[in-house]
Protein chains: 2
Amino acid sequence: MVRHSVTPSREELDHRKATILEAVVAEYIDTAQPVGSSSVAAVTGLDVSPATVRSEMVTLEREGYLAQPHTSAGRVPTDKGYRYFVDHLRSGSIGPGQQQQIREFFTNVRGEVQEVLEQTSNLLTRLTSYTSVVVGGGHTHATVLNVQLVNLDARHHLLVSVFSDGTVLKHNVRSDFAATHVDVAEASRQLNALLIGTSLDTRVQVPSRHDHVATLVREAVAELHAEAPTFDGEQVFIGGSSKVAESFDGVETVRKVLAILEQQLLVVTLVEDILDQGLSVAIGSENGYEPLASCAVVVAPISVDGEPAGAVGLLGPTRMKYREAMAAARVVSEHLTRHLSGEDERD
Amino acid sequence: MVRHSVTPSREELDHRKATILEAVVAEYIDTAQPVGSSSVAAVTGLDVSPATVRSEMVTLEREGYLAQPHTSAGRVPTDKGYRYFVDHLRSGSIGPGQQQQIREFFTNVRGEVQEVLEQTSNLLTRLTSYTSVVVGGGHTHATVLNVQLVNLDARHHLLVSVFSDGTVLKHNVRSDFAATHVDVAEASRQLNALLIGTSLDTRVQVPSRHDHVATLVREAVAELHAEAPTFDGEQVFIGGSSKVAESFDGVETVRKVLAILEQQLLVVTLVEDILDQGLSVAIGSENGYEPLASCAVVVAPISVDGEPAGAVGLLGPTRMKYREAMAAARVVSEHLTRHLSGEDERD
DNA sequence: CGTTGGCACTCGATTCTACCGAGTGCCAAC
DNA sequence: GTTGGCACTCGGTAGAATCGAGTGCCAACG
């Protein structure tokens, strides 16, 4: 986590400071109001006076865990404060009702991977009422099971390729000449011979002859391999964008966050950056996008047959309910991993 | 639309009333402020005093075209007022810059139909800064060009079908028995013989034998035809949802509208309802969804080879810039129609 | 020395008042 | 039918007063 890589030497706080900090964060998450010393004194089991709490708070503020909106208001957690809170969260589990809901979902869900991912995104939103993100992809190692070249008309053809993970790709192939059905059928045969068992990054020996069939084959292979860089097939499904309007109050903030969510590529990068850092939560500025400074993103990786294959994520305000969100993301990602690895029957 | 069915006899307004109404609507769209009699008197070429305008306004209000937020504020258009305005809009055209932008877009865009539609949605948003909707689908009459059954493992197979419009569908086919490659290849052959040239609603004669191959064929055909009802393949692409946050001020309104946009099926229905009524704009309550009461939706149909094939739409506040929005929707839909009908070269 | 109660102080939020002015409705005169 | 005149309405804004939650500081206490 960030703790290892980003903040090299993270100080620990003594028990009392930690308790106070956690109380402030918890209450602020709950109420969205600056938290005062007296309510902290009341709620913690510390049995100290507000005055003592205040003097500790001064320290915590100096060390960057807390902030004051203005002199003589209560304290509000900083990103660093949230970070401490999250890192010291004993990971909770989710309610039995939600357990049930998730189990039900995964026993009933059927259909294409994409649909499953999309539905999963909706599930996460229902579970947490935060905006959810499901990134799927990374089947780079899938191999070709079958390819087929199909005539659309004399000069337009469609290359359909089936991969071992069930993905189907299609590519338009044009020819400058009118190709006969026989040409196409023969090209199709050759393509199969050439490509079956290869993955997209395998170099294959294409015929160099100049007849129609060879040209078709070359074109088709070129088209297919042109896909390689993007084939990762990263797909994003975003659910519950309307929750953004609930999570943030400034219309302007809502707009900014929505604008980010619209850029799907950016969302993928965001989620993967977080995972690459070994994090499971990115808080405020940690996520690296200024418009998302008031957001926290919870992520959990998914894998297929042991290979990383995407992630699920939840986006909410920095004062999000971390325990619930993290638990939901974790449990769903585990189910999804199992589901995609084929432990369930698919339609 | 609504005019034909809902408001059977739509009265015309005399010239002066019409001018005043239009001035009010135009200014309100521009400023979002209630419009007073004097500014109307100043801006119209009518050469009448504010007092006269006022007395006309009283009539317009009684007839339901205008409303007052409160006594002694200016007037604000009602849905009916906007409706009159829109119905009497001499349809404008779009700026040369935008023309250019659209032309450029359509000469450069390439790739799958879906991607084109998605990109088009983004284009519309860029052009108008309203949320845009592109509904594609309705290739019900496409016929099968080629099908292919592929082994995933002994009991899981993938049926890949290519249609005359370039669509590719895939379906999982399970067998209770371990199918050999030979079985699958033979089933594949038979499926081709059976299905090529048929459309999804064509009944085909499936073999009734009980051997492995026949069972596979039956399963595959069943799977494929199960798709028929939904095959319409209605797809929605929504662009610029962040614009919602700009168009409306109440956070609550923003939330409601976003929530509607999340339900893609609902969006499709909405757009199609409007088209079915022969409308090109639905204003406020006309669209039939209470949460969209403060929205206007501009639509324009698209077709492929003469067949209706979806629509483009723009969603904004009732005080949207109708002329621009309608022009943009119309022009883009025309381009898209031409593009999808194959008048341009595709990659 | 850490802890505590006491206390003056700060400053956003709330309430109240006064007031301004855009815009209306009405009416008498043209 | 149109117009200028005029009293009236009522939302919006500005300023003043007040409130109170919460702070910082300090002296006293164990």
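Below, chain A is the first sequence line, B the second, and so on; all start at residue 1.
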Value in whole Å for how far the C1' atom of C:dT4 lies from CG of A:L46:
15 Å

Nucleotides 11-19 of chain C: protein proximity per nucleotide (B base, S sugar-phosphate only, - neither; heavy atom, under 4.0 Å):
SS-------

Side-chain donor or acceptor of B:T44 paired with backbone N/O of B:T19 under 3.5 Å
no

Phosphate-side-chain proximity, B:R75 and C:dG23, N/O vs OP1/OP2 below 4.0 Å:
no

CZ of A:R54 to OG1 of A:T59, rounded to nearest 0.5 Å, is 13.0 Å

Starting at the 5' end of DNA chain D, which residue's closest nucleotide do you reach first, B:R16 or A:M57?
B:R16

With A:K243 as the cation and A:Y130 as the aromatic partner, state whether NZ or CZ is under 6.0 Å from the six-membered ring centre and within 45° of the axis.
no

With a 3.5 Å cut-off and heavy atoms only, can you find an N or O donor on one side and an acceptor on the other between the side chain of A:R54 and the base of D:dG24?
yes

Parallel under 30°, tilted from 30 to 60°, perpendicular over 60°: which one fits the rings of A:Y65 and A:Y84?
perpendicular

If I take atom CD in residue A:E56 and atom C1' in nucleotide C:dC1, what distance separates them, rounded to the nearest angstrom?
14 Å

In whole Å, I'd like the distance from the CG atom of A:D14 to the C1' atom of C:dT3.
15 Å

At what distance, to the nearest 0.5 angstrom, does CG of A:L270 lie from CD1 of A:I260?
8.0 Å

Is the side chain of A:S132 donor-acceptor paired with the backbone N or O of A:L124 at a distance under 3.5 Å, no angle test?
no

Polar-atom pairs under 3.5 Å, protein N or O versus N or O of nucleotides 28-30 of chain D: list them with distances, or write none.
none

Counting only heavy atoms from other residues, nucleotides and ligands, does the tally under 6.0 Å from CG of A:D47 exceed 12?
no

In terms of heavy-atom contacts, does NE2 of A:H70 have more than 12 from other residues, nucleotides or ligands at under 6.0 Å?
yes

Rounded to the nearest angstrom, tell me the gap between atom OH in A:Y28 and atom P in D:dG22.
14 Å

Is there a donor-acceptor contact under 3.5 Å from the side chain of B:S121 to the main chain of B:G239?
yes

Hey, is B:R83 close enough to B:D87 for a salt bridge, meaning N to O under 4.0 Å?
yes

Does a nitrogen or oxygen in the side chain of A:Q33 sit under 4.0 Å from OP1 or OP2 of D:dG22?
no

Does a side chain donor of either A:S49 or A:T52 reach within less than 3.5 Å of an acceptor in the other side chain?
yes

Protein-nucleotide distance (B:Q68, atom CD; C:dA22, atom P), rounded to Å
17 Å

Would you mind classifying the nucleic acid contact of A:S55 as base, sugar-phosphate or nothing, using non-hydrogen atoms under 4.0 angstrom?
nothing

Rounded to whole Å, the CD-C1' distance (A:E61 to D:dT23) equals 11 Å

Mind checking which stems touch DNA chain C? I mean at least 3 consecutive Watson-Crick or G-U pairs, both distances under 3.5 Å.
C:1-30 with D:1-30

Without decimals, in angstroms, what is the distance between A:L60 CG and D:dT23 P?
13 Å

Hey, does B:A73 reach any base, or is it just sugar-phosphate, or nothing, if we go heavy atoms under 4.0 Å?
sugar-phosphate

Answer yes or no: does a side-chain N or O of B:S37 lie under 4.0 Å from OP1 or OP2 of C:dG23?
no

Determine yes or no for a side-chain-to-main-chain donor-acceptor pair under 3.5 angstrom, with A:K321 supplying the side chain and A:M326 the backbone.
no

